[in-house]
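Only a predicted model underlies this, so the values are computations on that prediction, with no experimental measurement involved.
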Amino acid sequence: MSASVMTETAPATPKAAGRNGRPRWFWAAVVLGGLVVLSTVRVLTGANDIDSSGALMAAIGLAVPIGLAGLGGLWSERAGVVNIGLEGMMIFGTWGGAFFGYHYGPWAGILGAILVGMVGGGIHAVATVVFGVDHIVSGVAINLLGAGAGAYLAVRTFTGLPGGGPTQSPPLEQLPFLSVPGVSDPLQTLEQKHWWLLSDLAAVLRAVTTNLNVLTIIAVLLLVVTWWVLWRTAFGLRLRSCGESPVAAETLGVNVYRYKFLAVLISGGLAGLAGGFLVLVASNLYREGQTGGRGFIGLAAMIFGNWRPGGLAGGAALFGYTDAVQLRGGGDVVRAYLLPIAVALVAWGVWQWVRRRKGKPFVGVPMVVMGVLALGWFLSAPSVPNEFTGMTPYVATLLVLAFASQRLRMPAADGAVYRKGEAS
């Protein structure tokens, strides 16, 4: 049984990644290559906002709540509990952050968002772990409960306060923003030169050194801590074994109920923190419907990331970036992306055609056709219609999930109902 548990968790170790032939610098090369492509597209099309520091700052602000919600889903599902109730837990967190933030200050608001989010996580844990309720049914119920309870609590607690009302809170004090002194202005000057690659590097550096909220830094640290705890500690190994084979974990003396319950509580706390970010950083007040489906997007980012922190961060960054550029650059930036998409589709189609098997003469042809159509769209249209521009983040997320589906591997016992004593 011990070998079984270790076999299930082995692919998550760095050694396993090394055996797959992927060097440590692989992802750094991918990021640098992506920046080279963006810089080239910017120069060719004149869409300077495609990777401007302003767009990247906006992307960071949009990505953090999605990443925190996805991180909550990661903790829960690594322990074997599917959590589609992240949206409801985020709603709990928005109210908790606003209520405690108004009465006791922003840091108390963050603590309140976490604790109230954990209430939602605790309900989900009791339903799924203790009573064996179907995880999907419980998650849907949490989302409905979050929406209803959030609206009710807002009416009861914010009505009559200065600037408050039944659907919003009074203005709240925000958490502090931090900058590295002495670097913002020189980097901005270099960025505005619009030189190939050099200005793009300056934009990236300015985005990560200027006006970063303290909660953004905490979110990044939580991502690193999650990786270290789940993949570098005995606690994390036991928790992940509950999501891979709870019966085998039980035979090794692991209290499966305890680990599952704790993981779902942490999941709720992180989702609540994501809601707190929305009210105390992204804006300065609570509004009804403020989460806007970000809990579901965080769940998609976690799946895109293959249930791993690094991939989750990439998925959240993808959605945050596409959302930011369509909000700031509109149709011009989205149109600029048609050029690399067209080139990539044609190259992919040609590669498939060269490697075609006997009896399949048309392999790769559809890709080439789509690439030619994308290039024609790029050459003929001065910009992309606003109706399509607003769909960009969702289309990009769906396409990436579709192309990444073949390599996805969820925890083996994720969503399975477990009863104590099944190993006997």
Side-chain angles (χ1 to χ4, degrees), residues 53-72 86 89-121 150 153-154 157-158 161-164 168-181 183-184 206-226 266-292 294-295 297-298 313 316-317 319-321 323-324 327:
S53 57
L56 296 178
M57 289 177 188
I60 292 172
L62 292 166
V64 169
I66 294 171
L68 285 171
L71 200 61
L86 294 170
M89 297 173 195
M90 280 187 72
I91 296 173
F92 278 123
T94 56
W95 176 83
F99 178 80
F100 289 96
Y102 175 77
H103 290 286
Y104 307 107
W107 288 107
I110 289 300
L111 181 60
I114 295 172
L115 293 177
V116 178
M118 290 178 73
V119 171
L153 290 171
T157 56
F158 299 141
L161 295 178
Q168 72 174 45
S169 72
L172 305 170
E173 180 184 354
Q174 288 187 305
L175 290 168
F177 288 81
L178 306 176
S179 298
V180 177
V183 301
S184 179
R206 185 170 184 268
V208 298
T209 57
T210 305
N211 287 335
L212 274 183
N213 191 271
V214 64
L215 190 53
T216 300
I217 299 172
I218 292 173
V220 174
L221 293 176
L222 285 173
L223 189 77
V224 176
V225 168
T226 293
I266 294 173
S267 176
L270 288 169
L273 181 60
F277 185 95
L278 293 177
V279 300
L280 294 167
V281 178
S283 65
N284 68 333
L285 49 78
Y286 163 92
R287 285 193 183 93
E288 188 175 338
Q290 193 169 18
T291 56
R294 288 177 177 85
I297 299 169
F319 191 92
Y321 172 76
D323 201 11
L327 289 172

Is there side-chain contact between F99 and V116, with at least one heavy-atom pair below 4.5 Å? no
Return a table of donor-acceptor pairs under 3.5 angstrom between the side chains of residues 271-282 and protein atoms on other chains or two or more places apart.
none

What distance do I91 atom CD1 and E288 atom CD have between them, rounded to the nearest 0.5 Å? 9.0 Å
According to side chain to side chain donor-acceptor pair (under 3.5 Å), does anything in residues 269-287 pair up with another residue at least two apart or in another chain? List the pairs. S283-Q290
Heavy atoms, side chains only, cut-off 4.5 Å: are L153 and F158 in contact? no
Any idea which heavy atoms bring G101 and L172 closest together, and the distance? C-CD2, 4.3 Å
State the OG1-CG distance between T210 and L56, to the nearest 0.5 angstrom. 11.5 Å
Which atom of A55 lies closest to which atom of A324, heavy atoms considered: O-CB, 3.5 Å
Out of curiosity, F177 CZ to L215 CG, how far, rounded to the nearest 0.5 Å? 9.5 Å
Nearest heavy-atom neighbours spanning G295 and M90: N-SD, 3.5 Å
With a cut-off of 3.5 Å and sequence neighbours excluded, list every side-chain donor-acceptor pair involving residues 216-223.
none

Shortest non-hydrogen contact from L62 toward G320: CD1-O, 3.7 Å
Donor-acceptor check, side chain of S179 to backbone of N211, threshold 3.5 angstrom: yes or no? yes
Filter on side chain to side chain donor-acceptor pair (under 3.5 Å), then keep only pairs touching residues 90-103, sequence neighbours left out; what's left? W95-T157
Heavy-atom pair with the smallest gap, counting every atom of P106 and L175: CB-CD2, 3.6 Å
For T209, give me all partners under side-chain contact (heavy atoms from CB on, under 4.5 Å), at least two apart in sequence or on another chain. V180, V183, L187
In Å and rounded to the nearest 0.5 Å, what is the CZ to CD1 distance from F319 to I66? 5.0 Å
Any non-hydrogen side-chain atom of S184 less than 4.5 Å from a side-chain atom of R206? yes
Results of side-chain contact (heavy atoms from CB on, under 4.5 Å) for A317 - residues two or more places apart only: none
Over all heavy atoms of both residues, which pair between L86 and S267 is shortest? Give the atoms and the distance, please. CD2-OG, 3.8 Å
